[in-house]
Amino acid sequence: MPDIWGDCVTIQLADRVEIVWTPAHAARLLSESWPVETGVAYTKALNVCTDAMMGTYPREQARDAFIAAVDEAQIKKLR
């Protein structure tokens, strides 16, 4: 089964819009493009998205953790 989320998460990150469908994409954004590299939600999301990408954590729970990191960093969520 592919690791695609049931619903995407669309965010405004810096000067671009990111449409995130997978834990792998979320983990890459968190590790390479995130405006804040601290915080409880950030740390959890980075860990669980990486785990979900490797198949050791439920992907939909990783989506929830990613959304929590979006909220924590006060990133505009478009969807």
Side-chain angles (χ1 to χ4, degrees):
M1 175 176 262
D3 68 346
I4 295 173
W5 290 333
D7 289 310
C8 69
V9 178
T10 305
I11 59 174
Q12 178 75 43
L13 191 59
D15 60 346
R16 66 189 187 278
V17 172
E18 291 284 345
I19 302 170
V20 185
W21 281 100
T22 66
H25 187 183
R28 189 173 68 249
L29 288 175
L30 287 161
S31 65
E32 296 175 3
S33 303
W34 216 243
V36 181
E37 294 182 0
T38 61
V40 173
Y42 167 81
T43 301
K44 179 179 179 180
L46 183 57
N47 289 330
V48 300
C49 286
T50 301
D51 289 345
M53 162 176 101
M54 299 181 72
T56 60
Y57 197 85
R59 67 180 180 273
E60 291 301 326
Q61 289 179 19
R63 181 182 181 276
D64 293 340
F66 180 68
I67 290 171
V70 168
D71 292 342
E72 179 182 72
Q74 299 181 337
I75 294 171
K76 185 175 182 179
K77 185 174 169 225
L78 304 172
R79 178 189 154 130

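Only a predicted model underlies this, so the values are computations on that prediction, with no experimental measurement involved. These numbers come from the heavy atoms of this one structure, side chains and all, not from hydrogens, waters or symmetry mates.
Minimum interatomic distance between C49 and A26 (heavy atoms only, all atoms of both residues): SG-CB, 3.8 Å. Across A65 and A45, no two heavy atoms sit closer than the pair O-CB, 3.4 Å.
Remark: of the listed residues Q61, E60, R59, E60 is the sole one forming a side-chain contact (heavy atoms from CB on, under 4.5 Å) with R63.
Counting only distance, with no hydrogens or angles, the side chain of T56 and the backbone of D51 share a donor-acceptor pair below 3.5 Å.
Rounded to the nearest 0.5 angstrom, E72 CD and T38 OG1 are separated by 7.0 Å. Distance check, rounded to the nearest 0.5 Å: OG1 of T43 to CD of E37 gives 10.0 Å. Interatomic distance, CZ of R28 versus CE of M53, reported as 10.0 Å (0.5 Å rounding). One finds the OG1 atom of T10 at 10.0 Å from the CG atom of D7 (value rounded to the nearest 0.5 Å).
Residues Q74 and V36 form no side-chain contact, since every pair of their non-hydrogen atoms from C-beta on lies 4.5 Å or further apart.
Side-chain heavy-atom separations under 4.5 angstrom define the hydrophobic clusters, and the remaining members of the one that includes F66 are W5, V9, I11, L13, V20, L29, L30, W34, Y42, L46, I67, V70, I75.
More than 12 heavy atoms of other residues, nucleotides or ligands shown are found within 6.0 angstrom of CD on Q12.
For the residue pair R16/S33, the side-chain donor-acceptor check at 3.5 Å is satisfied.
Residues D71 and K77 are not paired through a salt bridge, judged by the lack of any N-O separation under 4.0 Å between the basic side chain and the carboxylate.
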